[in-house]
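Worth knowing before you read on, the calculation uses all heavy atoms, side chains too, and leaves out hydrogens, waters and symmetry mates. The structure displayed is predicted, hence computed values, not measured ones.
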Amino acid sequence: MKTDNPLIVQGDRSLLLDVHAPLAEECRNALIPFAELEKSPEHLHTYRLTPLSLWNAASAGFSADDAVQTLEKYARYDVPASVEMWIRDISERFGKIRLITGPERMVENIKEQFLYLLCQTQAIYKEIKANPALKKYICPDSEEQPESSFLIRLTDRGIIKQLLLENGWPVKDEVPLKDGEPLKINLKKQTLKGQELVIRNYQTASAKALVGDKGPGTGFGTIVLPCGAGKTIVGMTIMDMLKTSTLIITTNISAVHQWIEELLDKTNLTKDQIAEYTGENKEIKPVTVATYQILTWRPDKTGPYPHFSIFHERPWGLIIYDEVHMLPAPVFRVVAELQAVRRVGLTATLVREDGCEGHVFSLVGPKRYDVPWKELEKDKWIAKAECIEVKVDLPLNKEIEYAVASSREKHRIASENKDKIEVVQKIISKYGEDKILVIGQYINQLVEIAQLLNAPIITGKTPNLERDRIYDEFRNGKIRVLVVSKVANFAIDLPDASLAIQVSGTFGSRQEEAQRLGRILRPKERTSRFFTLITRNSVEEEFGSNRQKFLAEQGYSYRLVRYTGESDEL
């Protein structure tokens with residue numbers, strides 16, 4: 001027994017991290033590659049070993065031995081033998097089924113239409129052969145290697161990987177990817193503003209982790225970097241490496257415009273080579289930037305998605321899924337077809353509220369690169385942040401209404417607590433040197449706050465030209481306080497924002513917490529502050545604990561304040 005060690009490994013594959021132990025922070029960083037955070041109360045954080053967490057680790061070269069050695073290094077008590085055996089058994093499943101090109105004996109026209117699913121053992125082969133969900137997609141290949149391989153159609157490559165993952169078998173896809181249309185794209189040494197373009201070491205490393213040497217097994221996957229860490233630069237670095245026609249899909253029109261501005265500023269691409277494919281403009285050029293919304297639009301709820309055709313309009317050599325954790329479920333169908341194209345998912349968090357992390361793993365690709373937020377903060381690549389949760393009492397005249405309300409109504413009453421507005425005003429008054437974002441879920445509440453502060457507001461109904469103008473004025477310092485709805489959660493670059501006040505959120509979404517914190521993490525000299533206003537003794541407290549999981553996973557902690565009307569508390 002090592003009483004000073006921070007980790008307790010339990011037989012149910014949960015890991016308890018004592019946050020007060022001397023090696024707690026070092027241990028937390030060591031767990032990130034292969035364990036998932038589940039709970040984060042004050043003293044003990046709970047991590048969980050899952051098949052997906054181990055397969056993500058395995059795909060990045062992190063072996064079962066690495067995981068076991070990490071647990072043994074930090075464990076306070078002996079690691080249960082059953083846990084060690086389970087880690088080895090699950091990790092070893094990665095690579096037991098491989099997807100490769102068709103056998104050499106095939107004639108070329110047939111070989112181009114089929115792939116070869118190779119099982120390492122006859123037991124695995126028989127398990128797959130007996131699976132009713134797979135029967136219509138697989139054909140035993142008895143001539144070449146009986147009892148070990150199947151032929152599958154090229155067009156079923158994605159669905160096969162998805163189904164096998166659901167059945168506990170991650171596929172190691174070793175089929176070479178097709179080269180798309182060549183495109184001479186290079187990063188500039190100087191931007192249009194005359195600034196030197198510096199590619200940070202982790203940005204280069206993450207791009208190389210995906211591209212590799214273009215050989216089998218490289219060219220697809222997910223890169224996880226904090227908001228403010230320059231994921232757009234990573235995407236452009238990959239484009240520079242591959243030099244091919246590229247389709248970029250992102251979350252909204254403002255993000256589309258920012259991608260286009262960045263491409264023009266930092267690469268040799270011209271306006272004639274870049275197109276916008278949105279509800280406002282529908283052009284396709286060698287580099288095309290589209291929104292998820294336009295792709296998932298259809299005239300009626302049962303009809304086809306007419307804009308899915310964009311995926312086949314050009315011989316794309318690269319598809320970039322910006323904020324891949326937002327990838328809408330309908331797009332997964334198309335992603336399943338595009339398995340021969342190099343592709344990268346960029347995100348700050350792989351958390352999906354719909355539990356579809358496995359789809360991202362099998363269809364976009366496993367995690368290829370990850371770096372802890374606090375590590376980038378230590379190296380001053382992102383700002384140091386202080387997180388403060390302010391608990392506000394519910395007004396007396398709302399207590400009965402709250403008591404008899406439904407769960408959903410309780411959340412709205414707590415979120416729209418009128419006393420939060422006074423707190424917002426006092427925070428803005430106290431931090432007079434900061435550029436401030438007020439972020440919320442409910443439009444009526446945000447409109448009232450904007451009117452009281454005499455500040456501009458951006459919601460889903462704000463026209464795109466007006467939205468871009470307001471963002472520009474905030475960046476240029478003409479506006480100090482900006483009120484925004486959840487439309488600003490994703491892919492918006494507001495580098496000078498140094499303080500955010502979250503007045504309401506979406507039922508404790510960890511994904512949303514990541515993005516909102518990221519709005520203030522661009523590198524700057526001052527400490528950034530992230531205030532969350534919570535109605536005391538309400539459902540918001542429960543949802544707040546869920547949001548805190550994400551911050552704890554990244555190494556942040558909340559300072560808790562009960563607001564009593566004194567601004568010095570804030």
Side-chain angles (χ1 to χ4, degrees), residues 4-7 15 17-37 40 42 45 47 56-57 60-62 66 70 73-74 196-209 222-234 237 346-351 367-389 434-435 493-500 510 513-532 547-559:
D4 287 339
N5 271 9
L7 195 65
L15 314 174
L17 177 65
D18 178 355
V19 298
H20 305 295
L23 296 175
E25 184 173 353
E26 182 181 313
C27 178
R28 180 188 63 80
N29 288 335
L31 292 175
I32 285 173
F34 68 99
E36 295 176 357
L37 183 71
S40 54
E42 290 84 353
H45 291 181
Y47 287 79
N56 265 314
F62 193 92
D66 295 329
T70 298
K73 178 179 178 179
Y74 295 104
E196 182 184 1
L197 180 58
V198 177
I199 310 299
R200 302 168 188 170
N201 56 353
Y202 67 85
Q203 291 170 332
T204 301
S206 58
K208 286 183 176 178
T222 305
I223 293 171
V224 182
L225 289 175
C227 295
K231 292 186 288 294
T232 305
I233 295 288
V234 173
T237 302
L346 302 174
T347 184
T349 170
L350 278 174
V351 172
K367 182 170 65 176
R368 299 295 186 193
Y369 192 86
D370 192 1
V371 62
W373 289 47
K374 295 295 280 186
E375 185 176 313
L376 294 189
E377 179 191 293
K378 182 181 67 177
D379 294 338
K380 298 184 177 179
W381 290 124
I382 59 176
K384 184 178 180 181
E386 180 184 13
C387 301
I388 306 105
E389 181 175 294
D434 286 271
K435 295 182 72 173
D493 184 19
L494 299 171
D496 294 325
S498 55
L499 189 150
R510 294 168 64 190
E513 195 82 349
Q515 300 299 328
R516 290 185 171 182
L517 175 61
R519 301 282 73 80
I520 60 171
L521 288 183
R522 269 60 180 181
K524 55 184 72 71
E525 294 300 321
R526 65 194 312 115
T527 296
S528 294
R529 291 180 175 86
F530 183 56
F531 285 89
T532 300
R547 286 200 302 265
Q548 287 176 40
K549 290 180 186 178
F550 172 78
L551 295 174
E553 186 176 22
Q554 308 309 325
Y556 293 101
S557 59
Y558 263 75
R559 175 163 64 89

### Query
How many angstroms lie between CD in E386 and CG in L499, if you round to the nearest 0.5 Å?
9.5 Å

### Contacts of F531 that satisfy ring pair (Phe, Tyr, Trp, His ring centres under 6.0 Å) - sequence neighbours left out
Y431

### Query
Atom CG of L7 and atom NE2 of H45: how far apart are they, to the nearest 0.5 Å?
13.0 Å

### Message
Can you give me the closest heavy-atom contact between A209 and R368, atom names plus distance?
### Response
CB-O, 3.7 Å

### Task
Identify the heavy atoms of P33 and A57 that sit nearest to each other, and give their distance.
O-CB, 3.4 Å

### D18: partners by salt bridge (Lys or Arg N to Asp or Glu O under 4.0 Å), with sequence neighbours left out
R76

### Task
Let me know which of T222, L225, I223 forms a side-chain contact (heavy atoms from CB on, under 4.5 Å) with T347.
T222

### Shortest non-hydrogen separation from A30 to T70 and the atoms involved
CB-CG2, 3.7 Å

### Query
Of all heavy-atom pairs between N5 and Y74, which one has the smallest distance, and what is that distance?
CB-O, 3.1 Å

### Query
Taking only residues two or more places apart in sequence, or in another chain, which ones meet K73 in a salt bridge (Lys or Arg N to Asp or Glu O under 4.0 Å)?
E26

### Query
If you look at every heavy atom in S498 and D434, which pair is closest and at what distance?
OG-OD1, 2.6 Å

### Separation between CG of N29 and CG of L23, rounded to the nearest 0.5 Å
11.5 Å

### Query
Listed by chain and number, what are the ring pair (Phe, Tyr, Trp, His ring centres under 6.0 Å) partners of Y369, not counting sequence neighbours?
none

#### Entry: Test side-chain contact (heavy atoms from CB on, under 4.5 Å) applied to D370 - qualifying residues, sequence neighbours left out
I32, V224, K367

### Query
Taking it one step at a time, do I199 and I233 satisfy side chain to side chain contact (heavy atoms under 4.5 Å, CB included)?
CA-CA 8 Å; I199 310 299; I233 295 288; 3.7 Å; yes

#### Entry: Results of side chain to side chain donor-acceptor pair (under 3.5 Å) for Y202 - residues two or more places apart only
R200

